Amino acid sequence: MSERIFIAVAWPYANGPLHLGHLAGCYLPADIFARYHRMKGSDVLMVSGSDQHGTPITIRAEQEGLEPQQVVDRFHAQFLDSWERMGISFDLFTTTGTDNHRQVVHELFLTLLKKDYIYKDTMLLPYSAESNRFLPDRYVQGTCPHCGDERARGDQCDNCGRTLNPTDLINPRSVIGGYDLEFRESEHFFLRLTAFQEPLLKWVKKQSHWRPNVLNFTRRYLEDGLKDRAITRDILWGVPIPVEGYDSKRIYVWFEAVTGYLSAAKEWAQSQGDPDAWEPFFRDPNSRAYYFIGKDNIPFHTMIWPAMLMGDGTLDLPYDVPANEFLNMEDAKLSTSRNWAVWLPDYLERFDPDPLRYVLTAIMPETSDSNFSWSDFVRRNNQELVATYGNLVHRVLTMTHRNFDGRFPQPGDLDEEDQALLARIPQALEEAGDQLGKCSFRQALGTAMALAQAANRYIDAKAPWQTMKTDMQRTGTTLWVCLNVLSCLRTLTYPFLPFSAQRLHELLGFEGSIQDSAWGVREVRAGQSFPQPTPLFTKLEESVAEEEMERLRAKAT
RNA sequence: GGCAACGUAGCUCAGCGGUUAGAGCGGGCGCUUCAUAAGCGCUAGGUCAUGGGUUCAAAUCCCUUCGUUGCCA
């Protein structure tokens, strides 16, 4: 009986390239999870897309003298390229700019409006008479009422970090052209979040399988009390409001972007030639939906989106929201604006994807913030990937190829040590499978590496380079046991290291794609011929850490 | 200012009520030579931030203080 798994991943904002924080935060864990489940035979749908709307994109477009669409098209193409080269295996990576998305958002909006979960009200907003338009919060600057900083924006003050409303600012003024500015009443639509407070709290209290930080954060938030929130804005870049008379307004990104999970599933279904294929992922209690996000996104996925789903009443709520904490860079907080980050396109110009996938999994911020450093990257690559795992593969394959004529040996009688190591194979698969299923990716990777270490110990004890002088039968048995461990490691590492796992698959003489193998024991065949082995991973010069650190520092502003 | 999390070996962290507190890396000693000078074994005597409390029993639960970080007003 196979499981059905919907994997929703946070929508990256299409106003800049992706960095290691994005990857470690949600895309890599989601991909590991998806690959594991596909191999296990689960019915998997993994979707996401570029978030195209919102003020920062308008601002960037204005700065560069481009249309917003040109900005988002550029980054969307870059995202697709990064996924391909990093091996992030989306079933669909779309955008919020499609007709389909607009329709799905409209349907949900109208459903909630009809049920009175969306209502109209007025609010006081910044308006520029001279340019004849309402201004986004970010376009308004003024003195922060808390710290007195004169360059606070209408959404927040960068100096003291507090969240603000434009009406909070002292001496508010427009950023564009420095026009005078007034506040005018504007009519908007609000989501009645207060109606969902109790149902949400009741639901959240049952989610004992959630990560403690996600659960605690959400409970505290709900116990403090939700407020209704405006879901429309006086802007022109975004999804239109499906009600007559609101041409100068659009649906606010946070309402529209989370709906993208549903619209992406529907778009995927259409692309499969079966428009209803999305339904089992949203309307079957036996299917489970996982939302992979960074911790800054928790409220939207544990409260707002579930509230919208509850309001609709026909769609399943998230099963789990395995939010990750933050990844720091060389002991400092990642910062896009200060350019303190390693960008994916940049990384991929110089290094292979698997070492990064390995290191980011090993330090994945599952339970607390973690730190990426280039010296740690080089160290882990050289000592863990190359020395412990890659070298195990290489020493076993080389010895076998050289002494058994390029074929796998026929095993003789198995002694206790042989049996003990072979017994670890199904154990490791079960253990790692269990850990992967619980989204404990660091642990699962550790399980795989522990098996590699056990094999290294076994080889040391068996010393096949000694026995081959006197007893080829014994040597063949030893290597046959090792080869079966390699076959297992091929499976165990696949979710984390898809590229090298595929290569190992081929080095072991298996045909086709490793993706089609099952999550289970697969013995090597005695007598099977296999190719001349080449190393799986490349050792990095120690100087790489220094050079990359320099590069990072040089670009920072 | 309010709330929360964290503070464990030189470094990065795991453990989160129950035998002498663990792993990886670094350091020290030794073994091995098949392999990308890779592998394996042994070794670190750390007041589990601090001061109290609960308990037969606490790094593990509760409170104080200090420090770090995050969220919120």
Side-chain angles (χ1 to χ4, degrees), chain A residues 144-147 156-157 160-165 168 211-227 294-299 323-328 330-334 355 358-359 362-373 375-404 417 435 440 442-443 445-447 449-450 452-469 475-476 478-479 482-483 486 500 532-542 545:
Chain A
C144 174
H146 302 286
C147 70
Q156 73 167 42
C157 170
C160 65
R162 291 170 168 92
T163 314
L164 303 171
N165 286 315
D168 297 335
R211 290 182 179 169
N213 45 352
V214 176
L215 193 58
N216 291 339
F217 179 87
T218 305
R219 282 188 64 158
R220 207 171 64 238
Y221 214 102
L222 283 170
E223 280 159 7
D224 278 359
L226 291 177
K227 288 180 201 141
K295 69 173 165 185
D296 51 328
N297 249 327
I298 291 175
N324 271 347
E325 308 289 300
F326 289 148
L327 183 77
N328 291 321
E330 301 285 0
D331 296 316
K333 201 174 164 177
L334 274 168
Y358 176 83
V359 172
I363 63 170
M364 195 168 275
E366 288 171 2
T367 54
S368 61
D369 292 354
S370 66
N371 183 55
F372 177 93
S373 78
S375 61
D376 184 63
F377 173 80
V378 172
R379 207 210 84 230
R380 285 186 190 271
N381 177 262
N382 290 351
Q383 297 188 4
E384 299 178 15
L385 255 195
V386 175
T388 303
Y389 172 48
N391 183 58
L392 166 71
V393 172
H394 198 238
R395 69 198 297 210
V396 169
L397 289 175
T398 311
M399 225 183 308
T400 309
H401 201 271
R402 192 171 296 160
N403 296 291
F404 290 87
E417 284 174 312
Q435 291 157 339
S440 293
R442 288 168 77 146
Q443 273 197 326
L445 183 62
T447 299
M449 290 304 283
Q453 285 184 320
N456 275 324
R457 273 195 295 276
Y458 167 86
I459 296 182
D460 216 61
K462 289 296 184 192
W465 53 91
Q466 293 290 353
T467 60
M468 73 173 63
K469 295 172 189 164
T475 309
T478 299
L479 290 172
C482 290
L483 288 161
L486 297 194
S500 57
Q532 174 75 41
T534 52
L536 280 184
F537 306 104
T538 312
K539 196 166 172 175
L540 295 169
E541 295 292 331
E542 293 290 332

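Computed from a predicted structure; not experimentally measured. Chain A is the first sequence line, chain B the second, and so forth, proteins listed ahead of strands; every chain is numbered from 1.
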Which part of the nucleic acid, if any, lies within reach of A/F537 when heavy atoms closer than 4.0 Å are counted: base, sugar-phosphate only, or nothing?
base
Please examine the side chains of A/L397 and A/H401, heavy atoms only from C-beta on, and report whether any two atoms are closer than 4.5 Å.
no
N/O-N/O pairs, protein side and nucleotides 21-30 of chain B side, under 3.5 Å:
| unit_1 | atom_1 | unit_2 | atom_2 | d |
| --- | --- | --- | --- | --- |
| B/rC25 | O3' | A/Q383 | OE1 | 2.8 |
| B/rG26 | OP1 | A/Q383 | OE1 | 3.4 |
| B/rG26 | OP1 | A/Q383 | NE2 | 2.9 |

May I ask you to say what A/P464 touches in the nucleic acid, namely base, sugar-phosphate or nothing, with a heavy-atom cut-off under 4.0 Å?
nothing
Just checking A/L536: base, sugar-phosphate only, or nothing, at a heavy-atom cut-off of under 4.0 Å?
base
Nucleotide paired to B/rC40 in any strand shown, Watson-Crick or G-U, under 3.5 Å:
B/rG30
Is any side-chain N or O of A/R395 closer than 4.0 Å to OP1 or OP2 of B/rU36?
no
Do A/D460 and A/R457 sit within salt-bridge range, that is, some charged N less than 4.0 Å from a carboxylate O?
no
Side-chain contact check for A/R402: nearest option of B/rU33, B/rA35, B/rC40 is B/rA35
Looking at B/rU33, B/rC71, B/rG39, which one has an atom nearest to any side-chain atom of A/N456?
B/rG39
Mind checking who B/rG70 pairs with, Watson-Crick or G-U wobble, both distances under 3.5 Å?
B/rC3
Distance in Å, A/W465 CH2 paired with A/R395 CZ, rounded so as to fall on 0.5 Å steps:
5.5 Å
Which atoms of nucleotides 13-17 of chain B (N or O only) lie under 3.5 Å from a protein N or O atom, and what are those distances?
| unit_1 | atom_1 | unit_2 | atom_2 | d |
| --- | --- | --- | --- | --- |
| B/rA14 | OP1 | A/T367 | OG1 | 3.2 |

Nucleotide opposite B/rG45 in a Watson-Crick or G-U pair, distances under 3.5 Å
none
By nearest nucleotide on RNA chain B, pick out whichever of A/K539 and A/Y221 is the more 5' one.
A/K539
For the atom pair CG (A/L479) and OG1 (A/T467), what is the distance rounded to the nearest 0.5 Å?
7.5 Å
Write down the partner of B/rG24 under the Watson-Crick or G-U wobble criteria, each distance required to be under 3.5 Å.
B/rC11
